[in-house]
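In what follows, a structure is listed as structure tokens, so that the remarks can point back to it.
FYI, side chains are in, hydrogens and waters are out, and symmetry mates aren't considered; it's all heavy atoms of this structure. Predicted, not measured: the structure shown is a model, and the values here were computed from it. Start at 1 with the first residue, then count along the sequence.
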Amino acid sequence: MKEASTERYFVALPIPAAQRAGLKAWVYEKKEEWPFTKWVHEADYHLTLQFLGNVAAEQLNQVKEALTLLARETVPFRLAMEGIGTFGRPDRPHILWVGATGELERLHALQSLVTARMRPLGFKPDDRPYRPHITLARKYRQSRFPYDRLNEISLSPEIEEPWLVEGVVLYRSHLGRIPMYEAIGWYPFEHKKEETP
């Protein structure tokens with residue numbers, strides 16, 4: 001019996017062009033100072049909601065249908081980027097990231113909704129608490145990363161400019177390709193954001 005083809009997928013929020021450009025310029029300045037093994041291509045910047053992993057062909061339509069229904073129930077909200085941090089050992093981090101700020105309660109509610117809709121389809125949520133971030137680089141090559149100076153680092157106004165989150169994206173990974181991620185589905189929120197008079 002022939003096995004169904006599978007690929008790695010994840011659900012995420014895209015980062016707008018202006019913020020991506022700001023991050024690209026900031027990263028360009030840091031590459032020489034901070035020798036990470038791999039810096040993320042600017043087209044691949046995103047804010048993950050749930051990593052799905054391998055998705056069988058017959059599951060893919062179910063995932064798309066669930067995201068379509070989810071988007072109809074969701075109201076746009078505002079986010080911005082703020083702060084630089086790391087995951088892993090402070091002296092030799094595995095991940096360098098920029099954090100999220102803004103309407104975080106809505107972001108967490110959306111992430112919970114995504115995981116709730118994916119669970120019946122066979123995709124278990126991560127056991128770790130959700131920590132929204134945009135990955136910038138992976139695997140610091142040296143020791144003594146300047147962890148204690150992270151709070152002193154400022155981001156440019158272009159990076160910190162708030163944006164309106166208006167939908168979610170289903171991405172497919174292409175390992176070894178640059179950029180690595182392909183958006184294969186855009187699911188716009190259908191409810192309108194309530195404007196304050």
Side-chain angles (χ1 to χ4, degrees), residues 10-51 71 74-88 90-111 114 129-142 144-171 178-183 186-189 191-197:
F10 60 95
V11 182
L13 301 179
I15 306 303
Q19 284 79 359
R20 288 202 314 269
L23 282 176
K24 179 182 178 181
W26 186 88
V27 160
Y28 182 80
E29 296 179 356
K30 291 298 179 183
K31 279 186 176 181
E32 294 298 323
E33 181 182 350
W34 294 347
F36 280 85
T37 300
K38 181 180 180 181
W39 290 86
V40 176
H41 189 279
E42 64 270 16
D44 285 338
Y45 294 147
H46 65 274
L47 202 160
T48 301
L49 296 171
Q50 185 177 2
F51 178 72
T74 306
V75 177
F77 59 95
R78 291 195 176 277
L79 288 180
M81 285 183 269
E82 180 181 71
I84 299 294
T86 63
F87 293 143
D91 61 328
R92 196 171 184 180
H94 184 66
I95 297 288
L96 176 72
W97 51 260
V98 59
T101 188
E103 296 183 87
L104 294 182
E105 288 186 6
R106 293 207 175 172
L107 173 59
H108 282 268
L110 174 61
Q111 192 270 339
V114 169
Y130 181 56
R131 296 182 64 182
H133 64 278
I134 296 99
T135 298
L136 300 178
R138 295 182 174 89
K139 295 183 180 178
Y140 193 68
R141 294 199 304 264
Q142 300 178 1
R144 298 185 181 180
F145 178 79
Y147 182 80
D148 56 343
R149 289 173 39 214
L150 287 183
N151 290 335
E152 303 171 8
I153 295 171
S154 60
L155 298 172
S156 67
E158 292 84 3
I159 296 174
E160 295 183 335
E161 182 68 23
W163 76 90
L164 187 65
V165 178
E166 298 182 280
V168 300
V169 172
L170 178 62
Y171 286 96
I178 300 175
M180 185 184 298
Y181 306 132
E182 175 190 8
W186 162 248
Y187 304 91
F189 301 153
H191 281 280
K192 300 298 182 184
K193 182 175 175 63
E194 296 179 4
E195 298 294 339
T196 303

field: Nearest-0.5 Å distance that lies between atom CH2 in Trp97 and atom CZ in Arg131
entry: 5.5 Å
Beyond-backbone contact of Leu23 with Val40, side-chain heavy atoms, under 4.5 angstrom: no
task: Taking the side chain as every heavy atom from C-beta outward, state whether Gln19 and Ile159 have any pair of such atoms under 4.5 Å apart.
output: no
Derivation of the ring-ring contact (aromatic ring centres under 6.0 Å, His included) call for Tyr140 and Trp34: CA-CA 8 Å; Tyr140 193 68; Trp34 294 347; 7.9 Å; no
field: More than 12 heavy atoms from other groups under 6.0 Å of CD on Glu33
entry: yes
task: Decide if atom OH of Tyr28 counts as having more than 12 heavy atoms of other residues, nucleotides or ligands within a radius under 6.0 Å.
output: no
field: Considering all heavy atoms, the nearest Met180-Asp44 contact
entry: N-OD2, 2.7 Å
With Arg144 via salt bridge (charged side-chain N to carboxylate O under 4.0 Å, His left out) - residues at least two apart: none
message: In terms of relative ring orientation, are Phe10 and Tyr181 parallel, tilted or perpendicular, with 30° and 60° separating the classes?
response: perpendicular
Rounded distance [0.5 Å steps], NE2 in His94 versus CZ in Arg138: 7.0 Å
- prompt: For the atom pair CG (Leu79) and CD (Glu103), what is the distance rounded to the nearest 0.5 Å?
  reply: 7.5 Å
query: So, for Val169 and Ala183, which heavy atoms are closest and what is the spacing to 0.1 Å?
result: CG1-CB, 3.6 Å
field: Residue pair Lys38 / Lys139, side-chain heavy-atom distance below 4.5 Å
entry: no
- line: Nearest heavy-atom contact between Pro93 and Thr86 is CB-CB, 3.6 Å
- prompt: Quick check: does any side chain N or O of Arg20 sit under 3.5 Å from a backbone N or O of Ile15, one acting as donor and the other as acceptor?
  reply: yes
query: Can you check whether Tyr130 reaches Leu107 side chain to side chain, under 4.5 Å on heavy atoms?
result: yes
statement: Looking only at heavy atoms, the pair that brings Gly167 and Pro14 closest together is O-CD, 4.1 Å
task: Identify the two heavy atoms, one from Val98 and one from Glu82, that lie closest to each other, and give their separation to 0.1 Å.
output: CG2-N, 4.3 Å
query: At what distance, to the nearest 0.5 angstrom, does CG of Leu136 lie from NZ of Lys30?
result: 11.5 Å
query: Out of curiosity, Arg106 CZ to Thr74 OG1, how far, rounded to the nearest 0.5 Å?
result: 10.0 Å
query: Does some side-chain heavy atom of Leu150 sit less than 4.5 Å from a side-chain heavy atom of Phe145?
result: yes
field: Closest non-hydrogen atom pair between Tyr187 and Ala71, with its separation
entry: O-CB, 3.6 Å
message: Any heavy-atom pair between the side chains of Leu13 and Trp163 that's under 4.5 Å?
response: no
message: With rounding to the nearest 0.5 angstrom, report the CE to CH2 distance, Met81 to Trp26.
response: 11.5 Å
message: Test of understanding: with salt bridge (charged side-chain N to carboxylate O under 4.0 Å, His left out), list the residues that count as partners of Glu182, not counting sequence neighbours.
response: Arg172
